[in-house]
Amino acid sequence: EGNGAEGGAEGGAEPMDTATADGSPAVGEKRKADGAAGEGGAKPPPKKKKKKKPKPGAANKPKPGDHEEDIAAESEASCVIKATPVPVVFNGLAATFAAGCASGEEEFAIRLPDPPPEPEPVPAPEPQPPGDADGPTQTPQSGGTPPTPPTTTTTKEEADERRMSKQSTFLPSGPRFEYLTLEEFFVRAGASDVAACVASWRETIRHGGDDGPGDTPIGGWLRRRGATWGKASVGYQCEVLNPDAARSGGSSALMEKQGGTSWRVGEVVDFDVATGEHEVSFLDGSESRCYLFLQTMRWLPTKYEPFGTVPEPPPEGGGMMMASPPLPVGCGGMRGMLLPGGKRGEELVRYAAPRDASTPGVMAEFTVPATEFERLGGKGTAKKWRQSLRLVHVGSYKLGETMGRWLRTLGNLTGDASVGRHLEIFWPGDGAFYGGTVAAYKTETGEHEVYYDDGGKETLQLSMQTVRWGPAPAPGARERTLKLVAEETERAKNEKGKKKSGGGGGG
């Protein structure tokens with residue numbers, strides 16, 4: 001740029017031509033057109049906007065769609081028990097029990113034939129070359145017939161694009177099924193007495209699989225399979241996926257309308273030995289008799305109760321603050337409880353799942369680190385459990401704000417104002433309280449750094465600890481604590497520098 005400016009100013013030289021012989025703009029004009037600084041008062045290029053640095057904790061804020069249901073992905077979680085496809089046959093008509101059906105509402109799924117593929121489009125002929133400059137060449141036609149209008153040609157790429165668009169609009173992916181009630185199933189199979197067949201369907205319909213004796217009445221097979229779940233399942237809390245969601249793999253239309261989720265929270269309250277069915281009592285007051293192995297469901301840990309109340313901060317005069325109760329959390333299809341008392345990097349989550357794949361009705365509870373729970377929920381690559389785990393809302397049982405945001409809300413109860421305040425923290429493993437002083441508050445995580453009286457220190461979510469608070473810090477206590485923290489930080493830095501500069505011994 002400097003060379004162009006100097007060339008025009010030396011010795012009163014003539015200004016540069018604005019165009020070259022072939023009509024293209026000269027170098028100087030091109031620079032002006034591009035917005036470069038030069039003659040004629042050209043505007044300088046606009047300054048690039050600086051990116052704003054994210055505020056502390058901004059990554060944990062929920063984004064639109066972050067906690068929307070993804071039933072297909074949730075169903076792949078290790079704690080989810082998928083509905084068992086049970087094949088049946090009557091009078092040559094084969095079907096399977098529809099997922100999610102209940103007693104008195106039995107339905108069967110019949111797979112529909114795949115639609116025939118659309119014929120391949122015939123490629124259009126190559127377009128004719130145009131005529132001379134005066135217009136296209138036309139061939140004279142006898143009888144005064146007007147010339148044929150030009151046809152619109154379609155390339156093979158355009159035809160393929162149309163075909164794919166039509167397929168994605170009208171052809172669903174994967175197999176398609178038709179769902180029939182008991183009566184419709186017997187009518188389709190050509191039963192002579194439909195009413196009698198419906199009344200005795202457990203003896204009339206046969207099991208169509210290979211995992212049992214031939215010609216086995218379906219009622220006996222269902223009773224034996226239900227017994228493998230048996231009374232061991234009674235008393236467990238669970239979430240059962242609504243039938244429409246279990247069959248479609250998408251969110252339940254009813255639950256979306258009511259503002260809840262596609263999973264119904266309930267408890268297994270009874271087992272019928274005669275039929276192999278279980279009775280489930282749901283939180284909305286309804287009850288259902290069903291075969292649990294025909295449901296897509298997941299067990300819930302004991303005392304799984306959503307907790308959304310923010311506790312009161314400690315009084316100025318001090319007092320006991322009990323640790324937060326276990327917090328129900330979710331990640332993908334996993335549901336569990338964030339346990340109180342964990343130190344930084346040692347946060348634990350308890351969840352429920354079948355003890356063994358062969359006995360899905362026998363529930364067991366497992367305690368894993370929060371990072372492992374995040375991995376089981378399909379978010380292991382994120383490695384930010386405070387952002388991946390979400391709080392379960394009271395009432396709706398929907399996933400709400402991230403745990404990072406919720407923990408910051410709890411941490412703000414005492415916040416930075418507690419720096420310099422003395423407290424005692426209960427250690428469950430030792431069964432004792434240990435005294436210390438709040439040395440710092442981390443606004444981005446809601447954590448406090450505590451310096452213990454015996455010289456140790458650690459970073460904690462105080463809301464997840466049982467704390468015996470001392471009175472509000474006296475005048476000057478905060479300043480003395482901050483000075484102590486600064487001295488400790490400087491000392492640690494110096495020690496680290498000495499280790500780096502130290503040489504190894506010879507030998």
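A quick note: this is a predicted structure, and the numbers were derived from the prediction, not measured.
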Asker: With the side chain counted from C-beta on, respond yes when Val392 and Leu399 share a heavy-atom pair under 4.5 Å apart, and no when they do not.
Answerer: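 Of all side-chain heavy-atom pairs linking Leu399 with Val392, at least one is under 4.5 Å.
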
Asker: Kindly compute the distance separating CG (Leu294) from OG (Ser103), expressed to the nearest 0.5 Å.
Answerer: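 Reported value, rounded in 0.5 Å steps: 11.0 Å.
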
Asker: Indicate yes or no for a side-chain donor-acceptor contact from Arg390 to the backbone of Gly400 under 3.5 Å, with no hydrogens or angles considered.
Answerer: yes

Asker: Would you please name every residue forming a side chain to side chain contact (heavy atoms under 4.5 Å, CB included) with Tyr441, sequence neighbours left out?
Answerer: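 Applying side chain to side chain contact (heavy atoms under 4.5 Å, CB included) to Tyr441 gives Asn412, Asp416, Thr443, His448.
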
Asker: Do we see a donor-acceptor contact under 3.5 Å between the side chains of Asn242 and Ser262?
Answerer: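 There is no such pair (donor and acceptor under 3.5 Å, judged by atom type) between the side chains of Asn242 and Ser262.
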
Asker: In terms of heavy-atom contacts, does CD of Glu178 have more than 12 from other residues, nucleotides or ligands at under 6.0 Å?
Answerer: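 Yes, because the 6.0 Å sphere around CD of Glu178 holds more than 12 heavy atoms from other groups.
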
Asker: Main chain of Arg344, side chain of Glu346: is a donor-acceptor contact present, judged purely on distance under 3.5 Å?
Answerer: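 Not at all, since once roles are kept as given, no pair shorter than 3.5 Å links the two residues.
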
Asker: So, using ring pair (Phe, Tyr, Trp, His ring centres under 6.0 Å) as the criterion, who are the partners of Phe282 when residues are at least two apart?
Answerer: none

Asker: About how many Å separate CH2 of Trp201 and CZ of Phe186, when rounded to the nearest 0.5 Å?
Answerer: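 Answer for the CZ-CH2 pair, Phe186 versus Trp201, is 9.0 Å.
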
Asker: Quick one: NZ on Lys384 to OG1 on Thr371, what's the gap to the nearest 0.5 Å?
Answerer: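 Reported value, rounded in 0.5 Å steps: 14.5 Å.
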
Asker: CZ/Phe90 to CD1/Ile218 distance, rounded to the nearest 0.5 angstrom?
Answerer: 13.5 Å

Asker: Give me each pair satisfying side chain to side chain donor-acceptor pair (under 3.5 Å) with a member in residues 347-357, each pair once, sequence neighbours excluded.
Answerer: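 Passing the test, one end in residues 347-357: Glu347-Arg386, Arg350-Glu365, Asp356-Ser358.
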
Asker: Can we call the ring centroids of Trp427 and Tyr434 under 6.0 Å apart?
Answerer: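 Yes, the ring centres sit under 6.0 Å apart.
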
Asker: Going by the rule side-chain hydrogen bond (donor to acceptor under 3.5 Å, both in side chains), which residues pair with Asp270 if we only count those two or more places apart in sequence or in a different chain?
Answerer: none

Asker: Of all heavy-atom pairs between Trp263 and Glu239, which one has the smallest distance, and what is that distance?
Answerer: CE3-O, 3.7 Å

Asker: For the backbone of Pro306 and the side chain of Tyr397, can you confirm whether one donor and one acceptor N or O come within less than 3.5 Å of each other?
Answerer: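 No, because the side chain of Tyr397 does not come within donor-acceptor range (under 3.5 Å) of the backbone of Pro306.
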
Asker: Go through Glu374 and Lys379 one step at a time and tell me if the salt bridge (Lys or Arg N to Asp or Glu O under 4.0 Å) criterion holds.
Answerer: CA-CA 5 Å; Glu374 177 188 32; Lys379 303 289 183 68; over 6 Å; no

Asker: How close do His207 and Val86 get, heavy atom to heavy atom, and via which atoms?
Answerer: CD2-CG1, 4.1 Å

Asker: Kindly give the heavy-atom pair with the smallest separation between Val438 and Trp469, and that separation in Å.
Answerer: CG2-CZ3, 4.2 Å

Asker: Any sub-3.5 Å donor-acceptor pair from Gln461's side-chain atoms to Thr445's backbone N or O?
Answerer: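 Looks like yes, one N/O pair under 3.5 Å.
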
Asker: Any sub-3.5 Å donor-acceptor pair from Thr296's side-chain atoms to Ala83's backbone N or O?
Answerer: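 Indeed, once roles are kept as given, a pair shorter than 3.5 Å links the two residues.
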
Asker: Using side-chain heavy atoms (C-beta onward) and a distance below 4.5 Å, is Arg202 in contact with Pro217?
Answerer: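 Arg202 vs Pro217: side chains apart.
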
Asker: Can you name the nearest heavy-atom pair linking Val80 to Glu74, along with the distance?
Answerer: CG2-O, 3.3 Å

Asker: Between Ser248 (side chain only) and Gly250 (backbone N and O only), is there a donor and an acceptor less than 3.5 Å apart?
Answerer: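 Yes: the side chain of Ser248 pairs with the backbone of Gly250.
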
Asker: Are the side chains of Trp406 and Leu389 in touch, meaning some heavy atoms are under 4.5 Å apart?
Answerer: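 No. Closest side-chain heavy atoms not under 4.5 Å.
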
Asker: If you compare all heavy atoms of Pro87 against all heavy atoms of Thr96, which two are closest, and at what distance to 0.1 Å?
Answerer: CA-CG2, 3.9 Å

Asker: In this structure, is the centre-to-centre distance between the rings of Tyr179 and Phe108 below 6.0 Å?
Answerer: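 Ring centroids of Phe108 and Tyr179 are no less than 6.0 Å from each other.
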
Asker: Do the ring planes of Trp299 and Trp229 sit parallel (below 30°), tilted (30 to 60°) or perpendicular (above 60°)?
Answerer: tilted

Asker: With salt bridge (Lys or Arg N to Asp or Glu O under 4.0 Å) as the criterion, how do Lys442 and Glu447 come out once you've worked through the C-alpha distance, each side chain's angles and the decisive distance to 0.1 Å?
Answerer: CA-CA 5 Å; Lys442 300 180 180 297; Glu447 296 172 305; over 6 Å; no

Asker: Look only at the side chain of Arg335 and the backbone of Gly332, and say whether a donor-acceptor pair between them is shorter than 3.5 Å.
Answerer: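 Side chain of Arg335 to backbone of Gly332: a pair is present.
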
Asker: Who pairs with Glu107 by salt bridge (Lys or Arg N to Asp or Glu O under 4.0 Å), at least two apart in sequence or on another chain?
Answerer: Arg247

Asker: Return each pair, listed once, that meets salt bridge (Lys or Arg N to Asp or Glu O under 4.0 Å) where at least one residue sits in residues 80-89; pairs must be two or more places apart or across chains.
Answerer: Glu76-Lys82

Asker: Verify, without hydrogens or angle tests, whether Glu184 (side chain) and Thr181 (backbone) share a donor-acceptor contact under 3.5 angstrom.
Answerer: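 Checking the backbone N and O of Thr181 against the side chain of Glu184, a donor-acceptor pair under 3.5 Å is found.
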
Asker: Of the non-hydrogen atoms in Leu348 and Leu338, which two are nearest, and what is the gap between them?
Answerer: O-CD1, 3.5 Å

Asker: Please test Val280 against Leu292 for side chain to side chain contact (heavy atoms under 4.5 Å, CB included), starting from the C-alpha separation and ending with a verdict.
Answerer: CA-CA 9 Å; Val280 182; Leu292 290 182; 4.1 Å; yes

Asker: Among Arg223, Lys231, Arg289, find the residue that satisfies the salt bridge (Lys or Arg N to Asp or Glu O under 4.0 Å) test when tested with Asp272.
Answerer: Arg289

Asker: Rounded to the nearest 0.5 Å, how far apart are CD1 of Ile425 and CE of Met321?
Answerer: 13.0 Å

Asker: Who pairs with Asp284 by salt bridge (Lys or Arg N to Asp or Glu O under 4.0 Å), at least two apart in sequence or on another chain?
Answerer: Arg264

Asker: Say whether, by atom type as modelled, one donor and one acceptor occur between the side chain of Thr228 and the main chain of Arg224 under 3.5 angstrom.
Answerer: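 No, because the side chain of Thr228 does not come within donor-acceptor range (under 3.5 Å) of the backbone of Arg224.
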
Asker: Out of curiosity, Leu407 CG to Leu327 CG, how far, rounded to the nearest 0.5 Å?
Answerer: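 Atom-to-atom, Leu407:CG and Leu327:CG are 7.5 Å apart.
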
Asker: Checking Phe271 now: which residues fulfil ring pair (Phe, Tyr, Trp, His ring centres under 6.0 Å) with it, not counting sequence neighbours?
Answerer: His278

Asker: With sequence neighbours excluded, what pairs up with Arg206 under the salt bridge (Lys or Arg N to Asp or Glu O under 4.0 Å) test?
Answerer: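 Here the qualifying residues are Asp215.
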
Asker: With Ser233, which residues qualify under side-chain hydrogen bond (donor to acceptor under 3.5 Å, both in side chains), at least two apart?
Answerer: none

Asker: Suppose the criterion is salt bridge (Lys or Arg N to Asp or Glu O under 4.0 Å): which pairs have a residue in residues 83-96, not counting sequence neighbours?
Answerer: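 Passing the test, one end in residues 83-96: no pairs.
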
Asker: So does Val268 get a backbone contact from the side chain of Gln237, meaning a donor-acceptor N/O pair under 3.5 Å?
Answerer: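 No, because the side chain of Gln237 does not come within donor-acceptor range (under 3.5 Å) of the backbone of Val268.
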
Asker: Sequence neighbours excluded, which residues qualify as salt bridge (Lys or Arg N to Asp or Glu O under 4.0 Å) partners of Glu287?
Answerer: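 Result, salt bridge (Lys or Arg N to Asp or Glu O under 4.0 Å) vs Glu287: none returned.
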
